[in-house]
Protein chains: 2
Amino acid sequence: MVTLEDVARHAGVSLATASRVLNGSTRQVGASLRAKVELAAAQLGYRTNVAAQTLARGASNVVGLVVHDLTDPYFAALADGAMRVAENQELMVMVGTTHRDPQREIAYVSTLNAQRVRAVLLAGSRTADQEVTRRLREELDRYRESGGRVACVGQDLLGVDTVAPANREGAAALARALARLGHRGFAILAGPEGLLTARDRVAGFTAALDELGLPAPLVLHGSFDRDGGYQAATRVSGVTCVFAVNDVMAVGALAAFRDRGIRVPEDVSVAGFDDIPTLRDLVPALTTVRLPLARMGARALELALDVAEEARVVSVAGEVVLRESTRALD
Amino acid sequence: MVTLEDVARHAGVSLATASRVLNGSTRQVGASLRAKVELAAAQLGYRTNVAAQTLARGASNVVGLVVHDLTDPYFAALADGAMRVAENQELMVMVGTTHRDPQREIAYVSTLNAQRVRAVLLAGSRTADQEVTRRLREELDRYRESGGRVACVGQDLLGVDTVAPANREGAAALARALARLGHRGFAILAGPEGLLTARDRVAGFTAALDELGLPAPLVLHGSFDRDGGYQAATRVSGVTCVFAVNDVMAVGALAAFRDRGIRVPEDVSVAGFDDIPTLRDLVPALTTVRLPLARMGARALELALDVAEEARVVSVAGEVVLRESTRALD
DNA sequence: CTGTTAGCGCTTTCAA
DNA sequence: TTGAAAGCGCTAACAG
């Protein structure tokens with residue numbers, strides 16, 4: 001293992017000088033010594049020991065990213081956005097996946113705290129479980145007390161910088177657009193009861209229907225993924241339009257309807273939420289609410305990195321996109 | 001910032017004792033002291049400083065994962081598999097995305113070396129650029145000389161543990177299956193010329209056709225993503241079957257044919273490669289070659305973590321899956 | 001501009 | 001078992 005000291009000796013300079021040229025110091029070093037050091041470093045194959053550097057500096061070049069599931073394109077898009085800004089700032093990203101277990105989220109915050117990462121980004125819906133949220137906040141507070149920065153994509157429940165998708169408003173706008181097409185009987189593939197993102201979307205959709213004087217929708221719970229959408233869709237009947245609270249569930253619903261011989265949109269209209277890029281080529285193309293996922297991930301990390309007194313909440317509006325999976329009733 | 005020393009003092013024990021109880025030492029500590037230390041740590045809110053630990057131990061609990069693009073479900077699936085084994089081993093994962101720039105891959109290896117990660121996992125096709133490969137190997141060798149472990153998912157070109165998908169064989173098997181359906185005129189949406197995964201699939205497919213005495217396929221190059229498939233497909237004509245060298249490109253091709261009013265599979269059959277789970281609900285369902293992506297990612301990390309004398313190469317066979325996007329010719 | 005030196009927080013012999 | 005103390009490799013005053 002080649003150390004800075006080896007390089008310094010090899011170059012015939014002091015440790016400090018070697019440090020200054022090799023690791024971004026503001027201090028200047030004379031051209032000749034600089035060249036010597038660089039040569040020695042190259043010859044010896046020196047690589048900075050980041051652990052030592054972090055210890056000495058008291059600050060690391062790593063940020064933490066906690067997502068529910070990387071294979072869910074929603075999180076992949078969010079992560080991609082965040083990783084691009086990390087790259088620009090020369091930061092490495094440590095990723096943890098919770099597989100939707102809130103306990104693991106807390107554990108990751110603790111681990112990332114131990115790693116002394118510069119910032120932690122929590123992506124994904126909060127849960128309705130108050131106790132879990134309390135413990136998460138506790139862990140986050142501990143981390144922040146020691147100088148850690150935190151941002152979150154999701155509900156503003158943690159008292160940290162937050163990029164909050166306007167789930168209620170988006171779902172409400174979607175409901176109105178669907179009502180405008182003539183739909184009156186709705187079912188919602190609602191996801192898990194405890195997931196706030198799912199709840200908010202259900203609530204916004206339902207409230208809008210109510211305001212329009214339309215009958216309350218049939219609400220079917222299930223998991224927040226493709227299979228949840230499939231399962232819930234098998235229980236749908238007697239409605240002209242189905243709202244799946246995310247695109248991935250909508251894909252499951254389309255599959256279920258296909259298997260049941262129910263045509264979309266002729267027999268039933270289907271809408272989703274998120275507008276996942278990978279799913280844009282679906283047939284029939286999915287009516288949905290577009291969220292700028294990559295930008296949201298990027299924005300969240302920017303917030304975390306940009307120190308501020310108060311926690312900021314950035315609300316992100318969704319845009320209703322009508323496509324072939326929903327049709328106008330005549 | 002609470003340090004181990006604070007905890008030790010608070011508990012009235014030595015630094016060494018506190019270290020032994022808080023951080024997995026094999027050494028035993030008496031029950032009463034142990035309890036005192038744990039209490040003090042909890043009261044003070046102590047969190048291990050991993051940088052200090054890494055420096056003192058000379059080994060970290062982090063592994064590096066370098067992928068081309070996280071939003072590509074191929075890499076997401078690979079990453080997911082790898083991250084699950086990391087989780088089991090209590091390892092954190094540092095992720096870098098190259099966005100298909102081979103230079104960045106080299107840079108990441110260097111950075112991960114500086115981080116002294118336990119192992120580096122390189123996921124994704126190698127390039128045909130010999131100079132880039134040489135420099136990558138150089139960087140990897142330097143890392144390995146200092147005790148780093150490396151594994152790769154892709155072509156066995158780096159002299160490290162490798163999980164190598166049988167691209168040639170899979171593509172050949174696919175070609176034979178398609179020929180069995182009666183197809184004679186083929187086009188290949190071939191991806192970039194320099195990408196070995198793409199090359200191997202083209203070569204395997206072409207060789208099989210040749211062996212069967214069938215005419216050589218039309219080979220159309222393009223990017224390795226959805227748009228590459230779309231673009232290439234716009235240039236297809238006069239064939240009954242199109243092979244896109246990956247599923248994501250096949251999706252692009254389906255979109256292009258749809259836009260051109262060409263029906264799949266009635267007018268033209270389309271096949272892909274990979275069998276991306278997220279894409280299984282596509283209509284028409286895609287004929288493809290199934291690769292156990294999550295398992296491949298997991299296996300690669302296992303290889304890297306399991307020290308061995310010789311570099312091992314694990315070949316992974318693909319399984320041809322015939323679905324609706326290809327039809328039998330009569 | 002360059003060098004000396006005191007830590008950063010933890011692990012790990014070595015003694016007791 | 002427990003404790004004392006010597007580092008791990010690097011940074012950042014401080015002095016020159």
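Distance from the side chain of B:Asn49 is smallest for C:dC10 among the nucleotides D:dT11, C:dT4, C:dC10. Looking at the side chain of B:Val29, the nearest of the listed nucleotides C:dG9, D:dC10, D:dT2 is D:dT2. Out of D:dA4, C:dT11, D:dA12, the shortest distance to the side chain of B:Ala16 is found at D:dA4. Nearest to the side chain of B:Ala52, among D:dC10, C:dG3, C:dG9, sits C:dG9. Side-chain proximity of A:Arg57 to the nucleotides D:dA12, C:dC10, C:dG3 is greatest for D:dA12. For A:Leu55, taking side-chain heavy atoms from C-beta onward, the closest of the listed nucleotides D:dG9, D:dC10, D:dG7 is D:dG9.
For B:Gln53 and D:dG9, the CD to C1' distance is 16 Å, given to the nearest whole Å. For A:Leu4 and D:dC8, the CG to C1' distance is 13 Å, given to the nearest whole Å. Counting to the nearest Å, the P atom of D:dT11 and the CG atom of A:Leu15 are 9 Å from each other. In this structure, B:Arg20 places its CZ atom 8 Å from C1' of D:dT1, rounding to the nearest Å. As rounded to whole Å, 16 Å separates atom C1' of D:dA12 from atom CG of A:Leu22. Note: CZ (B:Arg9) to C1' (D:dG3) measures 15 Å, nearest angstrom. A:Gln115 places its CD atom 14 Å from the C1' atom of C:dC10, with the value rounded to the nearest Å. Rounded to whole Å, the distance from CE on A:Met1 to P on D:dG9 is 9 Å.
The residue among B:Gly12 and B:Ala56 whose nearest nucleotide of DNA chain D is located toward the 5' end is B:Gly12. The 5' end of DNA chain C is approached more closely, in terms of each residue's nearest nucleotide, by A:Gly30 than by the other of A:Gly30 and B:Val2.
Here B:Ser19 does not reach the OP1 or OP2 of C:dC10: none of its side-chain N or O atoms lies under 4.0 Å away. Considering only side-chain N and O atoms, B:Thr17 lies under 4.0 angstrom from the phosphate OP1 or OP2 of D:dG3. For the OP1/OP2 pair of C:dG9 and a distance below 4.0 Å, the side-chain nitrogens and oxygens of B:Thr3 include no atom meeting the criterion. Within the structure, a side-chain polar atom (N or O) of A:Asn23 is placed less than 4.0 Å from OP1 or OP2 of D:dT11.
Side chains of B:Ser60 and B:Gln115: no donor on one and acceptor on the other come within 3.5 Å. Side-chain contact annotation: B:Ser110 with A:Arg47, donor-acceptor N/O pair under 3.5 Å present.
As judged by a 4.0 angstrom heavy-atom cut-off over every strand, A:Gly58 is placed among residues making no nucleic acid contact.
Put simply, the side chain of B:Arg116 and the base of D:dG9 share no donor and acceptor less than 3.5 Å apart.
Ion pairing between a basic and an acidic side chain is recognised when a charged N comes within 4.0 Å of a carboxylate O; B:Arg312 and B:Asp156 show no such pairing.
A donor-acceptor pair is defined here as one N or O able to donate and one able to accept, closer than 3.5 Å; no such pair exists between the side chain of A:Ser19 and the backbone of A:Leu15. The main-chain N or O of B:Leu196 is found under 3.5 Å from a side-chain atom of B:Ser125 such that the two form a donor-acceptor pair. Side-chain N or O atoms of B:Thr97 include none that pairs as donor or acceptor with a backbone N or O of B:His99 at under 3.5 Å. Although no hydrogens or angles enter the test, the distance criterion places no donor-acceptor pair under 3.5 Å between the side chain of A:Thr162 and the main chain of A:Ala164. No donor-acceptor pair closer than 3.5 Å links the side chain of A:Thr48 to the backbone N or O of A:Val50.
Overall bending of the helix from C:dC1-D:dG16 to C:dA16-D:dT1, expressed as the angle between end axes built from five pairs apiece, is 30° (10° steps).
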